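A quick note: this is a predicted structure, and the numbers were derived from the prediction, not measured. Excluded from the calculations below are hydrogen atoms, water molecules and symmetry mates; all remaining heavy atoms, backbone and side chain alike, are included. Counting starts at 1 for both ligands and their atoms, in listed order.
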Amino acid sequence: MTTDDYDEYQRGRDKMTAHRKTPDALRSARWFAPDDLRSSGHRSRIMQMGYSPDEWMGKPLIAIINTWSDINPCHAHFKQRVEDVKRGILQAGGFPVELPAISLSESSVKPTTMLYRNLLAIEAEELIRSHPIDGAVLMGGCDKTTPGLLMGATSAGVPAIYVPAGPMLRGNYKGTVLGSGSDGWKYWDERRAGNISKAEWIGIEGGIARSHGTCMTMGTASTMTAIAETIGMTLPGASSIPAADANHIRMCSESGRRIVEMVWEDLTPARIQTHRAFENAIAVAMAMGCSTNAIIHVISMARRAGHDIGLDDFDRMSRHVPVIANIRPSGDKYLMEDFFYAGGLPSLMGRIRDKLHLDTLTVTGRTLGENIAGAEVYNDDVIRTRDNALYQEGALAVLRGNIAPDGCVIKPSACEKRFFKHTGPALVFDDYPSMKAAVEDEDLDVTADHVLILRNAGPQGGPGMPEWGMLPIPKKLVKQGVRDMLRMSDARMSGTSYGACILHVAPEAYIGGPFALVQTGDLITVDIDRRSIHLEVSDEELERRRAAWQPPPPRYSRGYGWMFSRHIRQANDGCDFDFLQTDFGEAAGEPSIY
Ligand code: FES
């Protein structure tokens with residue numbers, strides 16, 4: 001720690017001591033303390049549930065925002081874990097109340113959970129705001145639940161701690177280790193090529209997800225929970241613990257104990273989630289070989305916290321931080337369970353400590369540097385040394401050009417190197433069903449050099465920007481042994497996906513971005529080293545096409561989708577609603593009428 005780091009840390013400590021709350025300063029005291037009729041009603045109704053005043057009066061009231069549901073296998077253990085969190089809260093002298101929130105099961109929700117991330121953020125924020133809540137434990141993990149819960153808690157502004165669901169155990173089929181998502185894509189292509197039978201496929205279905213917990217590849221869930229830990233919102237090491245491990249139970253009760261103290265210390269998200277904390281998150285994401293979805297979520301989370309983080313921050317960091325986590329799909333062998341046994345996230349952070357701001361504050365009340373002090377790596381093949389990195393530059397690259405003036409994203413660490421510089425003819429699809437049907441047509445006019453394009457799949461066009469970006473390799477090419485080709489879309493892709501997929505094209509085609517003007521047969525040139533992507537069509541011709549372009553009809557005429565369509569921002573701005581960002585209208589905070 002430098003002298004400057006130490007001074008900033010000490011200032012944070014002094015502030016924490018100075019801010020220590022008294023019971024009458026609790027937010028919940030506004031509901032329960034006054035000697036008036038309305039407060040009497042609040043007290044009476046708590047007692048109606050069988051709680052005597054000794055159990056809650058003058059104690060921090062802690063919301064446990066739980067995204068458990070019967071249809072989310074990644075959170076199936078939350079029904080038990082919430083009891084462990086409650087135990088911790090009670091031990092520390094708090095009063096727990098469980099508040100259920102939308103579950104956002106990645107494997108069930110159509111057209112995509114991304115359509116509802118902001119709905120969860122609104123729900124979490126308003127659950128906290130409208131109830132007598134002094135602090136919150138956020139229980140999530142399945143992809144969008146992490147950013148959704150954190151965005152909501154950030155805007156609500158009360159102390160909050162994140163409890164990640166933890167990755168599931170490694171998959172297994174006949175002794176072969178299986179990785180979530182990645183092996184689904186891989187073996188599906190083998191089935192399409194006629195290399196495996198239906199019976200074998202059913203065996204894979206049964207073996208690839210064999211415990212509760214989130215996807216155990218470095219998909220979006222593991223990426224985002226690692227980011228939550230890096231920005232300081234979880235206990236140290238929490239994001240790496242497998243869901244089925246007893247350490248996970250202990251982490252839950254400890255989180256419950258800690259949130260009560262955080263309330264007394266007034267340790268709010270604003271004090272933890274600084275600009276430097278988000279820079280740390282980007283560095284760690286790169287070292288992890290993160291999901292491309294991290295870009296959208298980190299931008300939206302940072303902007304909720306009032307920090308101007310954008311695509312350039314990712315690209316800058318990607319040039320300096322190597323991928324050292326040998327976890328699929330960037331890695332070729334290991335899964336999150338192996339990562340935990342190798343030391344987990346604190347050990348990885350220890351390996352890139354010179355790339356991190358070690359003075360950032362965390363939910364422990366200590367700095368990130370203090371949290372990771374002494375962390376050791378127990379397996380150098382899982383968490384590589386920097387001179388033996390998987391990939392010397394970071395996991396993601398941001399490309400710009402006439403076809404994507406506001407940027408698009410590729411994951412070079414998960415694609416074949418021959419696509420780092422490539423020119424090929426476009427094969428364009430305007431919607432998902434026509435693309436899906438065409439790739440199964442063995443007479444499709446396509447070669448391995450083509451650039452497959454799917455558009456109208458962005459935030460408004462999808463709608464909700466579904467994970468369609470890993471377009472299937474046409475069956476004709478699969479049978480020829482082709483397993484990767486250049487693909488491009490304004491959609492996202494699952495963090496468990498891989499291949500030469502250019503994603504998040506902005507502005508999206510549906511709102512008239514230049515991506516809407518590409519025609520089958522146009523040449524597209526990609527140069528990852530130069531961070532460029534170019535449609536080889538003259539400006540005059542593009543102007544002619546622009547004049548002829550007709551906007552598609554609206555996706556929605558009512559309901560949540562209607563509101564979504566009017567307020568969703570583009571991928572490079574994090575896909576938050578315009579009216580939820582801190583720079584839009586009034587700053588986050590409670591209206592004084594309550
Ligand atoms: Fe829940 Fe992958 S389906 S984390």
Side-chain angles (χ1 to χ4, degrees), residues 66-79 81 101-117 119-120 138-150 162-171 177-188 204-229 234 238-245 248 285 288-294 296-297 327-330 335-337 339-340 345 414 464-470 492-498:
N66 188 357
T67 50
W68 173 88
S69 82
D70 258 337
I71 202 160
N72 191 338
C74 306
H75 300 173
H77 53 315
F78 276 179
K79 223 172 184 176
R81 294 292 188 275
I102 187 171
S103 186
L104 294 189
S105 172
E106 193 66 28
S107 50
S108 298
V109 171
K110 287 186 187 296
T112 164
T113 50
M114 190 61 194
L115 191 64
Y116 301 105
R117 181 201 66 181
L119 184 64
L120 173 60
L138 313 168
M139 297 182 67
C142 192
D143 293 19
K144 311 305 180 294
T145 56
T146 301
L149 287 167
L150 285 169
Y162 194 70
V163 169
M168 67 178 94
L169 299 176
R170 297 184 196 97
V177 172
L178 297 175
S180 308
S182 305
D183 275 321
W185 322 123
K186 179 177 146 189
Y187 286 108
W188 185 249
I204 291 168
E205 278 179 359
I208 200 167
R210 62 188 185 91
S211 82
H212 48 258
T214 50
C215 292
M216 75 329 234
T217 37
M218 185 49 68
T220 304
S222 297
T223 295
M224 292 312 302
T225 54
I227 284 171
E229 180 172 333
T234 78
S239 65
S240 313
I241 306 171
D245 193 303
H248 194 268
M288 298 277 280
C290 65
S291 159
T292 45
N293 286 321
I296 292 176
H297 298 319
I327 305 172
R328 299 178 63 195
S330 288
L335 297 168
M336 286 303 292
E337 195 178 336
F339 184 64
F340 177 62
L345 192 65
M465 213 179 170
E467 291 184 340
W468 292 338
M470 191 175 83
R492 298 174 301 115
M493 78 173 181
S494 164
T496 64
S497 300
Y498 51 86

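Note: H212 and H77 have parallel aromatic rings, judged against thresholds of 30 and 60 degrees for the angle between ring planes.
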Side chain to side chain contact (heavy atoms under 4.5 Å, CB included), that's the test. Do D183 and I204 meet it? Break it down for me. CA-CA 9 Å; D183 275 321; I204 291 168; 5.9 Å; no
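Side-chain N/O atoms of R492 and T220 include no donor and acceptor closer than 3.5 Å. Checked by atom type, the side-chain pair T223/S291 shows no donor-acceptor distance below 3.5 Å. Donor-acceptor pairing under 3.5 Å is recorded for the side chains of Y162 and T146.
Within 4.0 Å of ligand 1, heavy atoms belong to protein residues C74, E106, C142, D143, T214, C215, A221.
Comment: K144 engages E467 in a salt bridge, judged by a side-chain N to carboxylate O separation of less than 4.0 angstrom.
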